[in-house]
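Read the numbers this way: they start at 1 and go in the same order the structure lists the ligands and their atoms. Heads up: numbering here begins at 1 and tracks the sequence.
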Amino acid sequence: MNTSNHVRLVEVGARDGLQNEKTLLPAAVKIALIDRLSGTGLSTIEATSFVSPKWVPQLADAAEVFRGIRKVPGVSYPVLVPNAQGYTRAREVGASEIAIFTAASEAFNRKNINASIDESITRFAPVIEQARADGVKVRGYVSTVLGCPYQGEVPTSDVVRVAKRLHALGCYEISLGDTIGVGTPAKARAMLHAVAREVPMSALAVHFHDTYGQALANILACLEEGVRVVDSAVSGTGGCPYAKGATGNVASEDVVYMLHGMGMTTGIDLDLLIASGAWLSAQLHKDTASRVTRAHLAH
Ligand code: HMG
Ligand code: MG
């Protein structure tokens with residue numbers, strides 16, 4: 001049982017958040033966002049995505065953004081990579097941590113990266129191998145762990161199988177993604193419990209979208225189960241363009257507020273995070289999805 005009081009947040013707003021926003025932000029705004037976030041105490045900030053710009057035009061400026069951000073010592077800036085071409089692009093700008101991604105559902109994987117689960121893993125194996133040779137850290141995502149927009153129910157055994165394979169291939173951490181935010185606490189906890197029998201809990205993270213308003217409850221259930229790494233997006237932006245109806249990730253501000261309220265530590269300055277979230281929603285000309293930021297601004 002993990003009794004540590006410290007939780008590491010993986011801030012995914014600049015990638016998962018912005019990949020699905022209608023407003024295309026200029027690279028300079030994305031750079032300013034990431035530089036604000038690195039001043040809040042966050043230690044992992046997913047910066048962008050080297051996927052095909054035809055598939056995700058919002059992040060077509062990945063190279064410019066990655067080059068432009070201030071690299072704060074002690075902060076990691078992973079980038080999403082779908083294949084060898086993405087890896088080459090990421091390395092050209094000096095990325096030292098990548099995230100690869102596949103799913104527990106065949107149907108979703110096909111829509112998202114135009115490959116079966118097996119094909120995607122075959123595609124990633126040489127990328128991971130090269131990353132190891134280059135001293136690049138690799139994180140792995142498993143999507144649709146609690147439901148799929150195309151297939152519906154996703155058997156937990158499929159989540160376990162895919163998570164185990166990514167870990168065996170060399171991913172130092174596996175993020176379990178409820179891509180469409182349909183999970184509820186008991187199911188989330190049972191899924192994590194099952195994966196943790198095959199992959200050490202210290203190598204697992206949870207990644208909840210808040211489509212059905214369950215994300216904080218799911219995170220709490222998973223914290224009780226022992227997870228200590230949580231993905232979230234400042235201001236609760238975004239979603240996956242290839243998961244119809246999926247809303248943004250749980251808002252980082254709300255996660256930090258809950259954790260600090262429980263007496264847990266994150267190393268993050270909540271006021272600075274709230275200011276970053278409010279700034280981002282102004283850039284996007286939309287209301288923040290963070291309840292904490294809304295409450296704070298109402299004072
Ligand atoms: P494809 O069409 O099968 O690929 O797409 P292809 O290899 O046949 O290439 C087609 C064209 O794309 C070619 O260009 C390639 O050069 C180019 P053309 O000859 O037509 O001019 N291309 C690239 N260009 C730049 N960078 C690259 C790259 N690769 C190919 N890396 C592919 C396959 C994987 C590329 C595509 O499906 C793709 O990019 N998908 C990404 C979709 C995506 O980003 N989804 C969101 C992220 S996942 C997510 O949000 C879930 C997560 O948050 C966890 C959760 O919530 O569950 C992680
Ligand atoms: Mg996501």
Side-chain angles (χ1 to χ4, degrees), residues 10-21 46-63 66 78-93 95 98-105 107-117 119-124 127 138-151 154 158-159 162-163 166 171 173-183 188 191 204-211 215 218 229-233 236-252:
V10 174
E11 168 58 51
V12 297
R15 191 280 302 170
D16 204 340
L18 299 186
Q19 76 183 7
N20 202 36
E21 289 294 333
E46 203 170 62
T48 185
S49 183
F50 290 91
V51 296
S52 163
K54 286 183 193 138
W55 285 62
V56 182
Q58 287 90 336
L59 302 182
D61 56 6
F66 195 87
V79 296
L80 217 62
V81 159
N83 52 20
Q85 196 175 337
Y87 183 75
T88 304
R89 289 176 60 212
R91 288 297 288 158
E92 273 166 11
V93 294
I98 62 164
I100 54 139
F101 55 108
T102 186
S105 137
F108 175 76
N109 217 40
R110 178 67 61 196
K111 298 265 188 200
N112 196 38
I113 53 175
N114 198 21
S116 69
I117 298 170
E119 281 165 357
S120 69
I121 292 176
T122 307
R123 192 187 278 175
F124 285 131
V127 173
V138 185
R139 194 170 195 251
Y141 281 104
V142 183
S143 287
T144 59
V145 297
L146 292 168
C148 167
Y150 309 103
Q151 170 186 318
V154 174
D158 290 348
V159 181
V162 176
L166 293 188
C171 294
E173 187 167 278
I174 313 295
S175 174
L176 301 166
D178 182 10
T179 319
I180 53 170
V182 289
M191 179 277 299
L204 294 176
V206 289
H207 178 110
F208 289 107
H209 287 260
D210 200 27
T211 319
N218 291 340
V229 184
V230 175
D231 297 1
S232 61
T237 48
C240 175
Y242 298 99
K244 257 189 290 171
T247 66
N249 291 84
V250 64
S252 306

Between Asn218 and Ala188, is there a donor-acceptor pair closer than 3.5 Å when you use the side chain of the first and the backbone of the second? no

Are any of the heavy atoms in Ser49 under 4.0 Å away from ligand 1? no

Subset of ligand 1 atoms that lie under 4.0 Å from at least one heavy atom of Asn114: 1 (P), 3 (O)

Suppose I only count heavy atoms of Pro53 and a 4.0 Å limit; which atoms of ligand 1 are within that range? 24 (N), 25 (C)

Does Pro82 have any side-chain contact (heavy atoms from CB on, under 4.5 Å) partners at least two apart in sequence or in another chain, and if so, which? Val51, Phe101

For the residue pair Leu176 and Ala163, what are the closest heavy atoms and their distance? CD2-CB, 4.3 Å

Which atoms of ligand 1 have any heavy atom of Asn112 under 4.0 Å away? 37 (O), 40 (N), 41 (C), 42 (C), 43 (C), 45 (N), 46 (C), 48 (S)

Enumerated ligand 1 atoms positioned under 4.0 Å from heavy atoms of Pro82: 31 (N), 34 (C)

Is Val81 touching ligand 1 with its side chain, its backbone, both, or neither, if touching means heavy atoms under 4.0 Å apart? neither

Between Leu59 and Arg15, what is the shortest heavy-atom contact and its length? CD1-O, 3.9 Å

N/O/S atom of Asp16 inside 2.8 Å of the Mg ion (ligand 2), strictly under: yes

Mind listing the closest non-hydrogen atom pair of Gly238 and Glu21 along with its distance? N-OE2, 2.9 Å

With atoms numbered from 1 as shown, which atoms in ligand 1 lie under 4.0 angstrom from a non-hydrogen atom of Val56? 43 (C), 44 (O)

Tell me the contacting part of Val12 for ligand 1: side chain, backbone, both, or neither, using a 4.0 Å heavy-atom threshold, strictly below. neither

Heavy-atom closest pair (His207 atom, Asn249 atom, distance to 0.1 Å) is NE2-ND2, 3.2 Å

Considering non-hydrogen atoms only, spot the tightest contact between Ala251 and Ser232 and give its length. C-CB, 4.3 Å

Are any of the N or O atoms of Asp178 closer than 3.5 Å to those of ligand 1? no

Of all the atoms in ligand 1, which lie at a distance below 4.0 Å from a heavy atom belonging to Arg123? 34 (C)

Taking only non-hydrogen atoms of His209 and a 4.0 Å limit, the atoms of ligand 1 in range are 56 (O)

Ligand 1 to Gly86, heavy atom cutoff 4.0 Å, flagged ligand atoms 31 (N)

Give the contacting part of Ser143 toward ligand 1: side chain, backbone, both or neither, where contact means a heavy-atom distance below 4.0 Å. both

Is Asp16 touching ligand 1 with its side chain, its backbone, both, or neither, if touching means heavy atoms under 4.0 Å apart? side chain

Can you tell me if Gln85 and Arg89 form a side-chain donor-acceptor pair at under 3.5 Å? no

Select one of side chain, backbone, both or neither to describe which atoms of Gln58 lie under 4.0 Å from any atom of ligand 1, heavy atoms only. neither

Are the side chains of Arg139 and Val229 in touch, meaning some heavy atoms are under 4.5 Å apart? yes

Less than 3.5 Å between some nitrogen or oxygen of Gln19 and one of ligand 1, yes or no? yes

Which atom of His209 is nearest the Mg ion (ligand 2), counting N, O or S only? It is NE2

Going by side-chain contact (heavy atoms from CB on, under 4.5 Å), name the residues that satisfy it together with Asp210, two or more places apart in sequence or in a different chain. Ala215

Spell out, as yes or no, whether a donor-acceptor pair under 3.5 Å connects the side chain of Ser143 to the backbone of Gly177. no

Would you say Asn109's side chain and Ile113's backbone share a donor-acceptor pair under 3.5 angstrom? no

Atom nearest to the Mg ion (ligand 2) - His207, N, O or S atoms considered: NE2

Can you list the steps and then say if Gln151 with Thr144 is a side-chain contact (heavy atoms from CB on, under 4.5 Å)? CA-CA 10 Å; Gln151 170 186 318; Thr144 59; over 6 Å; no

Nearest to atom 29 (N) of ligand 1 by heavy atom, Asn83, Leu80, Leu146, Asn20: which? Asn83

To the nearest 0.5 Å, tell me how far Ser120 OG sits from Ile100 CD1. 8.0 Å

Where's the contact between Arg15 and ligand 1, heavy-atom distance under 4.0 Å: side chain, backbone, both or neither? side chain

Looking only at distance, does Phe101 have an N or O less than 3.5 Å from an N or O of ligand 1? no

Among Gln85, Lys54, Glu46, Arg139, which one has a heavy atom closest to atom 22 (N) of ligand 1? Gln85

Answer side chain, backbone, both or neither: which part of Val51 comes under 4.0 Å from ligand 1, heavy atoms only. both

